[in-house]
There are 2 protein chains.
Amino acid sequence: MSSHIHQQKTAALNALLTSSQRQLVRVISESGPLSRTEMANLLGLSKAAMSGIARDLIDLGVLHETETVYGQGRPSVRLDLHPECAFFVGISLLEDPAPMILCDLNGKIIARQSMPLSRDPQVIAEAITEGLPSLLEAHPEATEKLSGIGVALSGFVDETQSNCVQSTLLNWQDVPLAKIVRERSGVETFIENDAKAVAVSEKLFGSAREIQSFSVVSLGDGIGCAHFIDGKLYRGNHGGAGEIAHCTIEPGGSPCRCGKRGCLDTVSSMKAIKEMSRAEGLECVSLSDIENEASTGNAAAIRILHRAGSGLGLAIANLIQINDPGLILITHVEGSFDGLFGTVVNQAIETNVLPRYAGQTPIRIKRVDGDVWARGAASIAAHNFLIGPNTTEVSHAHRCRRHPYRMQHL
Amino acid sequence: MSSHIHQQKTAALNALLTSSQRQLVRVISESGPLSRTEMANLLGLSKAAMSGIARDLIDLGVLHETETVYGQGRPSVRLDLHPECAFFVGISLLEDPAPMILCDLNGKIIARQSMPLSRDPQVIAEAITEGLPSLLEAHPEATEKLSGIGVALSGFVDETQSNCVQSTLLNWQDVPLAKIVRERSGVETFIENDAKAVAVSEKLFGSAREIQSFSVVSLGDGIGCAHFIDGKLYRGNHGGAGEIAHCTIEPGGSPCRCGKRGCLDTVSSMKAIKEMSRAEGLECVSLSDIENEASTGNAAAIRILHRAGSGLGLAIANLIQINDPGLILITHVEGSFDGLFGTVVNQAIETNVLPRYAGQTPIRIKRVDGDVWARGAASIAAHNFLIGPNTTEVSHAHRCRRHPYRMQHL
DNA sequence: GACACTAAGTTCAGAAAATGAACAAATCAA
DNA sequence: TTGATTTGTTCATTTTCTGAACTTAGTGTC
């Protein structure tokens with residue numbers, strides 16, 4: 001009973017645990033640290049049953065005790081996932097060279113390197129496999145407990161998080177990347193759309209752990225968005241939930257590369273802002289350049305930032321009206337949100353949201369570094385390790401009902 | 001084991017069943033009829049366990065066998081909820097007089113009457129209680145198995161489906177209507193926003209039973225909308241999910257009663273269409289009046305329908321982009337969708353959705369009669385009877401863990 | 001600081017529920 | 001008719017959960 005999970009070949013937690021143990025892992029990963037009593041109530045089990053389940057998971061190295069919460073009576077001890085229970089590799093195919101990171105179950109980055117980007121899935125699989133030894137080199141524990149690889153890319157991914165249905169950037173159509181990488185590297189692999197990966201990492205590793213429903217809007221060259229609803233990533237019926245970049249914001253506006261006109265992407269993405277600046281004869285390498293121009297009173301710069309900010313604000317306001325999320329998390333790589341752009345975005349949200357709700361939906365701005373996508377990718381691997389393949393409700397349980405860990409270990 | 005549920009005082013199914021039985025009821029109500037083997041896989045149980053659970057639920061009168069599906073091997077028999085397992089009363093507070101219906105678990109309306117509308121919750125509770133005997137009069141079975149009352153209203157309802165947080169129409173603020181009706185009538189009562197109630201009835205009774213993620217847009221005097229996501233009603237963080245009527249569609253447009261400008265409600269609701277018509281000197285009692293004018297070439301009528309249709313189409317397109325639902329169900333009481341208005345709506349959806357997705361999201365139009373709201377209300381009661389109070393995941397289970405039916409009946 | 005008080009978490013015998021394996025039943029296909 | 005195939009049942013055995021009593025670790029009070 002005290003043997004460690006990773007004494008046997010790496011496999012999803014899923015396959016090693018009993019149904020109750022799995023449920024518990026899911027609840028903790030959705031709700032954050034909980035005391036045994038809270039868990040028992042949440043799962044509808046007796047304290048007695050919970051006691052045993054928690055003990056087994058602690059012995060397995062999956063959970064550990066964290067803070068003690070004092071109240072009336074005996075203090076309760078919160079249990080959380082053990083950060084070093086498993087390690088994951090995440091790769092972002094959004095940049096060249098492609099960042100490749102190693103992190104633990106808390107999302108803490110332990111090692112970092114990069115690999116050349118390619119459009120050939122075989123070459124990618126090769127590069128990942130080649131890169132693994134040096135990434136893992138100084139970390140024997142991580143090597144032993146490596147539990148998955150995640151890949152983030154720009155494009156559509158199917159609900160199994162295995163196949164890229166379509167990617168304009170990579171020029172892909174129905175590429176079973178996860179399978180290819182899995183077979184080449186021998187490590188369980190999952191892929192996901194960039195924005196969705198970021199949302200999962202915010203839920204699993206980040207600042208949204210305790211929030212059940214929220215949306216992440218990620219600003220980069222393009223605009224990505226993804227929703228968590230009732231504790232789960234909502235991918236949409238065709239994996240297209242969150243494609244806010246192609247909401248029509250300026251009906252009849254500029255043509256977009258998607259074939260429509262007036263998409264948010266043509267108005268508020270960094271790419272659009274840079275292009276509009278260039279068209280106005282303004283030097284604009286990053287957002288701060290044009291923010292600076294605007295602050296010195298340049299009318300064109302002000303106009304551009306106003307237009308971009310109102311567009312994004314309107315889109316976010318629509319999102320709030322439609323989904324009433326508990327939080328909007330705006331992540332941005334470039335520049336800052338303290339300037340005109342951020343101000344206009346906030347104003348536009350306020351003026352386009354039902355007055356009753358204005359200010360009711362927290363908007364959190366988060367500046368992120370170049371590791372977001374890779375970390376997001378790793379979080380996809382982590383999620384699959386913890387919860388198992390994306391499923392509706394309980395429907396996955398049958399796949400691995402056999403062999404709860406007791407039978408294998410004792 | 002063969003005693004019937006309703007031999008004892010009516011209570012949520014919830015409280016009488018074991019955890020597995022409850023899970024099964026939930027899965028069936030979310031996914032429609034299933035064979036025992038399918039259920040076993042879905043719940044992660046053995047066929048052996050499933051066999052017993054199904055037998056018990058059939059004996060209890062909760063499930064019954066429906067079609068037989070022939071394939072290779074022994075045919076499978078689908079089990080579904082027994083329509084006469086329980087009966088519900090639904091009341092719509094959207095019209096005066098307020099419709100009041102009695103229906104079974106299939107949503108079949110068994111009796112129908114109406115009661116005077118009031119803004120005083122006590123008076124409403126009184127009217128409902130007074131109305132019950134005559135509604136139930138000719139239906140002894142329904143009387144015996146009456147399992148809940150549902151009330152639909154225009155406004156915001158909290159997540160317990162008990163309190164009306166705010167209703168402009170009724171001029172309410174924090175009214176615990178469910179409690180008041182429950183105490184007066186002695187019957188378990190739940191309330192819900194009109195659009196959300198319609199969505200639940202479509203999922204439970206209607207054409208969306210097998211669809212896990214969809215949105216309902218209901219066109220009436222106002223415009224309502226509600227989402228089902230992964231098999232569950234998504235109410236939003238403040239119960240405001242689906243408030244599409246106050247999405248800004250025409251930035252800087254006409255002022256809306258909500259305080260903003262250019263809301264969808266000021267452009268595409270029947271109320272707005274009628275007002276715009278009147279402003280143009282057109283007679284417009286119902287949508288067909290102005291559709292007729294348009295078909296004879298009246299420019300003003302065409303302009304109005306175009307504006308209204310584009311607005312609604314754009315809003316729905318935004319909804320599709322943001323949530324990628326598996327179905328958009330548009331319900332309308334008045335007129336038809338075959339005229340100019342419907343055509344423009346469809347066109348606007350097509351032109352504002354990512355071309356990749358155009359035509360991928362089925363749009364279903366459904367003309368509904370005056371019973372929609374009351375039926376929707378009844379479905380809220382039914383849902384609470386089947387699944388128990390609105391909860392996230394498993395978290396409700398602890399409330400009624402004791403006394404599985406075996407102990408009470410044998 | 002001794003005392004009750006409270007609530008968290010543990011232990012263990014007994015009860016309930018799920019399993020696996022063998023089997024019965026209902027169809028198709030040849 | 002026979003075999004293949006898959007659904008659904010039965011039952012002895014195993015696993016899991018429960019209830020009740022108990023231990024533990026604090027708070028608050030005098």
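In what follows, chains carry the letters A, B, and so on, assigned in the order in which the sequence lines appear, proteins first and then strands, with residues in each chain numbered from 1.
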Residues which pass side-chain hydrogen bond (donor to acceptor under 3.5 Å, both in side chains) with B:D158, listed by chain and number, not counting sequence neighbours = B:T160, B:N163
For B:N41 and C:dA18, what is the distance between atoms CG and C1' respectively, to the nearest whole Å?
-> 15 Å
Between A:L45 (CG) and C:dG9 (C1'), how many Å, whole number?
-> 15 Å
Just how far, in rounded Å, is C1' of D:dT16 from CZ of A:R22?
-> 14 Å
Atom pair NZ/OG of A:K203 and A:S379 - distance to nearest 0.5 Å | 12.5 Å
Within the side chain of A:K145, is there an N or O that forms a donor-acceptor pair under 3.5 Å with the backbone of A:E84?
-> yes
Ranking B:G71 and A:G73 by the position along DNA chain C of their nearest nucleotide, the one closer to 5' is A:G73
Cation-pi check, A:R182 onto A:F190 ring (under 6.0 Å, within 45° of axis) = yes
Winner on side-chain proximity to B:T37, out of D:dG8, C:dA18, C:dT6, is D:dG8
Could you verify whether a donor N or O on one side chain and an acceptor N or O on the other, from A:S31 and A:E210, lie under 3.5 Å apart?
-> no
Nearest-Å distance, OH (A:Y70) to P (C:dG9)?
-> 12 Å
Could you pick out which residue, B:Q72 or B:P75, lies toward the 5' side of DNA chain C when each is mapped onto its nearest nucleotide?
-> B:P75
Carboxylate-amine/guanidinium contact B:R235 B:E159, below 4.0 Å = no
Could you tell me the separation between the CG atom of B:D56 and the C1' atom of C:dA18, rounded to a whole number of Å?
-> 13 Å
Whole angstrom value for the distance that separates P of C:dG9 from CD of A:E38 = 8 Å
Taking five pairs at each end of the helix from C:dG1-D:dC30 to C:dC23-D:dG8, what angle separates the two helix axes (nearest 10°)?
-> 40°
Steps toward side-chain contact (heavy atoms from CB on, under 4.5 Å) verdict (B:D230, A:I229) = CA-CA 9 Å; B:D230 289 338; A:I229 287 185; over 6 Å; no
Measure the distance from CD1 on B:I53 to C1' on C:dT19 and round it to the nearest whole Å.
-> 12 Å
Could you run down nucleotides 10-15 of chain C 5' to 3' and tag each one B, S or - for protein heavy-atom contact under 4.0 Å?
-> BBB---
Ring centre gap for A:F385 and A:F88 strictly below 6.0 Å | yes
Whole Å only: how far is the CG atom of B:L24 from the C1' atom of C:dA18?
-> 15 Å
Please check the phosphate of D:dT6 (OP1 and OP2 only) for any side-chain N or O of B:S76 closer than 4.0 Å.
-> no
Determine the contact category for B:S20: base if any of its heavy atoms lies under 4.0 Å from a base atom, sugar-phosphate if only primed atoms, P, OP1 or OP2 are that close, otherwise nothing.
-> sugar-phosphate
Residues A:Q161 and A:N384: side-chain donor-acceptor under 3.5 angstrom | yes
Please work out if A:S35 contacts a base, only the sugar-phosphate, or nothing of the nucleic acid, heavy-atom cut-off 4.0 Å.
-> sugar-phosphate
